[in-house]
Amino acid sequence: MSGSQPDQNRISVSATLSLHVESTDPPAAGKTPFVFIHGLGGSSTNYGPAIDAAGLRAAHKVVTFDLEGHGLSPASAGQTSIEGYAESVRLVMDAAGVEKAVVVGHSMGGIIATTFAAQYPSRVEKLVLIGPVKAFAEAGVKALTARGESVLAGGMAAVADTVATAGVSQKTLASGHLAKHAVRASLLATPPAGYAHACSALTRAKDPEYARITAGTVILAGAEDKTCPEATVRFLAESIRGAEVVSFGDVGHWHLFEDVEGVARVLAGVV
């Protein structure tokens with residue numbers, strides 16, 4: 001389990017919260033740092049291929065971390081929330097010595113990123129939202145509740161295949177074998193309790209005050225993304241002033257695995 005493994009990169013970001021955090025500095029004085037927030041059933045390692053393909057570490061400080069109950073970060077006591085995850089972003093940035101950054105969020109990490117950007121607008125230089133979610137309607141709340149109950153009863157194997165298959169494009173299912181299995185591996189590696197707590201947090205999520213976001217924003221939209229469909233993309237693009245949408249053909253919800261080079265191009269061009 002994530003809470004019992006030795007981890008040299010686990011740090012106490014507050015009196016009650018320890019997280020797995022990795023931070024790399026460029027060889028010389030660099031440009032604006034990048035901070036990455038993964039999604040439900042993900043971890044900081046999801047971003048590795050895109051970070052490398054974009055060559056970000058050559059010129060930027062790069063900070064990745066595992067949300068509580070995901071990856072190598074232990075679950076914290078008590079109920080989690082999107083607002084609590086957003087506060088974790090602030091604590092991680094403080095611990096890493098980052099005052100302002102390009103903040104990147106995928107899926108659940110997207111609503112964490114928008115919540116953070118609305119609460120701390122001065123700390124976000126640019127905002128990159130990859131298949132971001134917003135507050136869920138009743139049907140979504142019911143689905144997330146059922147999924148959380150399933151993983152607590154049967155572990156991640158109870159949902160991994162269904163979620164992975166529904167989350168990628170038809171092209172990925174047919175020929176993107178590495179991407180498809182990377183999604184499945186990411187899900188299976190997630191501690192069930194952490195996943196269930198995150199599902200619960202999403203059922204209670206509220207949209208932040210999008211008008212408070214001042215950072216230039218780019219939304220990456222997968223053409224076959226059922227979790228972040230066209231209606232969600234349109235809502236966010238209209239709610240966040242000046243937001244730009246970049247469309248990805250033949251991509252579902254897992255852009256980071258389905259189109260590494262496409263995501264890398266966006267990241268490299270942000271600053």
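This structure is a prediction, so every number in the text was calculated from the model and none was measured. We count residues from 1, following the sequence as given.
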Practice task
Using the side chain to side chain contact (heavy atoms under 4.5 Å, CB included) rule, take Tyr210 and Thr114 through it: C-alpha gap first, then chi angles, then the decisive distance, then the call.
Solution key: CA-CA 7 Å; Tyr210 293 109; Thr114 55; 3.9 Å; yes

Handout entry: Approximate separation, where rounding is to 0.5 Å, of Tyr120 OH and Ile213 CD1
Key = 14.5 Å

Problem - Flag, side chain of Glu258 to backbone of Gly252, donor-acceptor distance under 3.5 Å - result: yes

Exercise for the section: Ignoring hydrogens and angles, state whether a donor on the side chain of Ser44 or Glu22 is under 3.5 Å from an acceptor on the partner side chain. Expected result: no

Practice task
Decide whether Leu72 and Leu67 are clustered together by the hydrophobic rule: side chain heavy atoms of Ile, Leu, Val, Met, Phe, Trp, Tyr closer than 4.5 Å, transitively.
Solution key: no

Handout entry: Non-hydrogen atoms of Pro132 and Cys228 that approach each other most closely
Key = O-SG, 3.0 Å

Handout entry: Which residues share a side chain to side chain contact (heavy atoms under 4.5 Å, CB included) with Ser247, sequence neighbours left out
Key = Val245

Exercise for the section: Any chance you could lay out the side chain to side chain contact (heavy atoms under 4.5 Å, CB included) test for Asp52 and Arg57, step after step, and finish with the verdict? Expected result: CA-CA 7 Å; Asp52 286 353; Arg57 291 189 177 92; 2.8 Å; yes

Handout entry: The single option from Glu87, Met108, Lys206, Arg204 passing side-chain contact (heavy atoms from CB on, under 4.5 Å) against Ile82
Key = Met108

Exercise for the section: Tell me, with the steps shown, if Glu68 and Thr80 meet side-chain hydrogen bond (donor to acceptor under 3.5 Å, both in side chains). Expected result: CA-CA 9 Å; Glu68 57 190 87; Thr80 54; 5.3 Å; no

Problem - OG on Ser107 to CD1 on Ile112, rounded to 0.5 Å - result: 9.0 Å

Problem - Over all atoms of both residues, closest heavy-atom pair of Ala264 and Ala50 - result: CB-O, 3.7 Å

Exercise for the section: Report the residues that fulfil side chain to side chain contact (heavy atoms under 4.5 Å, CB included) with Leu188, sequence neighbours left out, ordered by chain and then residue number. Expected result: Met156, Ala157, Ala160, Arg184

Problem - Salt bridge present between Arg265 and Glu261 (N-O < 4.0 angstrom) - result: no

Practice task
State whether the side chain of Ser73 and the backbone N or O of Asp66 hold a donor-acceptor pair below 3.5 Å, judged by distance alone.
Solution key: yes

Handout entry: Charged N-O contact under 4.0 Å between Arg123 and Asp94
Key = yes

Problem - Side-chain (Thr217) to main-chain (Ala243) donor-acceptor, under 3.5 angstrom - result: no

Practice task
Could you go through the side chain to side chain contact (heavy atoms under 4.5 Å, CB included) check for Val103 and Ile37 one step at a time?
Solution key: CA-CA 8 Å; Val103 176; Ile37 312 167; 3.7 Å; yes

Problem - Val263: hydrophobic cluster co-members (side-chain, 4.5 Å) - result: Phe34, Phe36, Tyr47, Ile51, Leu56, Val62, Val102, Val104, Val128, Ile130, Val218, Leu220, Val246, Phe248, Val251, Leu256, Val266, Leu267, Val270, Val271

Exercise for the section: State, yes or no, whether a side-chain contact exists between Gln170 and Asp250 at a heavy-atom distance under 4.5 Å. Expected result: no

Problem - Any Thr214 side-chain heavy atom under 4.5 Å of Arg241 side chain - result: yes

Exercise for the section: Report yes if the side chains of Met93 and Val63 come closer than 4.5 Å at any heavy-atom pair, otherwise no. Expected result: no

Problem - Spacing of Asp161 atom CG and Leu187 atom CG [to the nearest 0.5 Å] - result: 9.0 Å

Practice task
Taking the side chain as every heavy atom from C-beta outward, state whether Leu40 and Cys199 have any atom pair closer than 4.5 Å.
Solution key: yes

Handout entry: Expected output: side-chain Gln119 to main-chain Ala86 donor-acceptor under 3.5 Å
Key = no

Completion exercise
In terms of heavy-atom contacts, Ala118 and Pro208 come closest through CB-CB, 3.9 Å

Exercise for the section: Supply the atom-to-atom distance Ser200 OG to Glu149 CD, rounded to the nearest 0.5 angstrom. Expected result: 10.0 Å

Practice task
Might you confirm whether atom NZ of Lys100 has over 12 heavy atoms from other residues, nucleotides or ligands at distances under 6.0 Å?
Solution key: yes

Fill in the blank from the handout: So OG of Ser88 and CZ of Phe116: to nearest 0.5 Å the spacing works out to 11.0 Å

Handout entry: His38 side chain to Asn46 side chain, donor-acceptor N/O pair below 3.5 angstrom
Key = no

Practice task
Kindly work out whether a path of hydrophobic side-chain contacts (I/L/V/M/F/W/Y, heavy atoms less than 4.5 Å apart) joins Leu129 to Val260.
Solution key: no

Handout entry: Side-chain donor/acceptor of Thr145 to backbone N/O of Val141, under 3.5 Å
Key = yes

Practice task
Please work out whether the ring planes of His253 and His106 are parallel, tilted or perpendicular, with thresholds of 30° and 60°.
Solution key: tilted

Handout entry: Between OG on residue Ser18 and CG on residue Asp7, distance to nearest 0.5 Å
Key = 10.0 Å

Practice task
Give a yes or no answer on whether the side chain of Ser186 reaches the backbone of Gly41 with a donor-acceptor pair at less than 3.5 Å.
Solution key: yes

Exercise for the section: Using a 4.5 Å cut-off on heavy atoms from C-beta on, say whether the side chain of Asn9 contacts that of Phe65. Expected result: no

Completion exercise
Closest non-hydrogen atoms of Tyr85 and Ala201, given as atom of the first, atom of the second and distance, are CE1-CB, 4.0 Å

Exercise for the section: May I ask whether Leu127 and Phe235 are part of the same hydrophobic cluster, defined by side-chain heavy atoms of I, L, V, M, F, W, Y residues being less than 4.5 angstrom apart, directly or through others? Expected result: yes

Exercise for the section: Can you see which heavy atom on Ala58 is nearest to which on Pro27, and at what distance? Expected result: O-CD, 3.4 Å

Problem - Heavy atoms from other residues, nucleotides or ligands near NE2 of His197 exceed 12 (cutoff 6.0 Å) - result: no

Handout entry: Under 3.5 Å: donor-acceptor pair, side chain of Asp207, backbone of Lys134
Key = no

Exercise for the section: Write down the atom of Gly71, the atom of Ser43, and the distance for their closest heavy-atom approach. Expected result: CA-CB, 4.0 Å

Practice task
Using only heavy-atom distances, determine whether the side chains of Glu125 and Thr32 contain a donor-acceptor pair under 3.5 Å.
Solution key: no

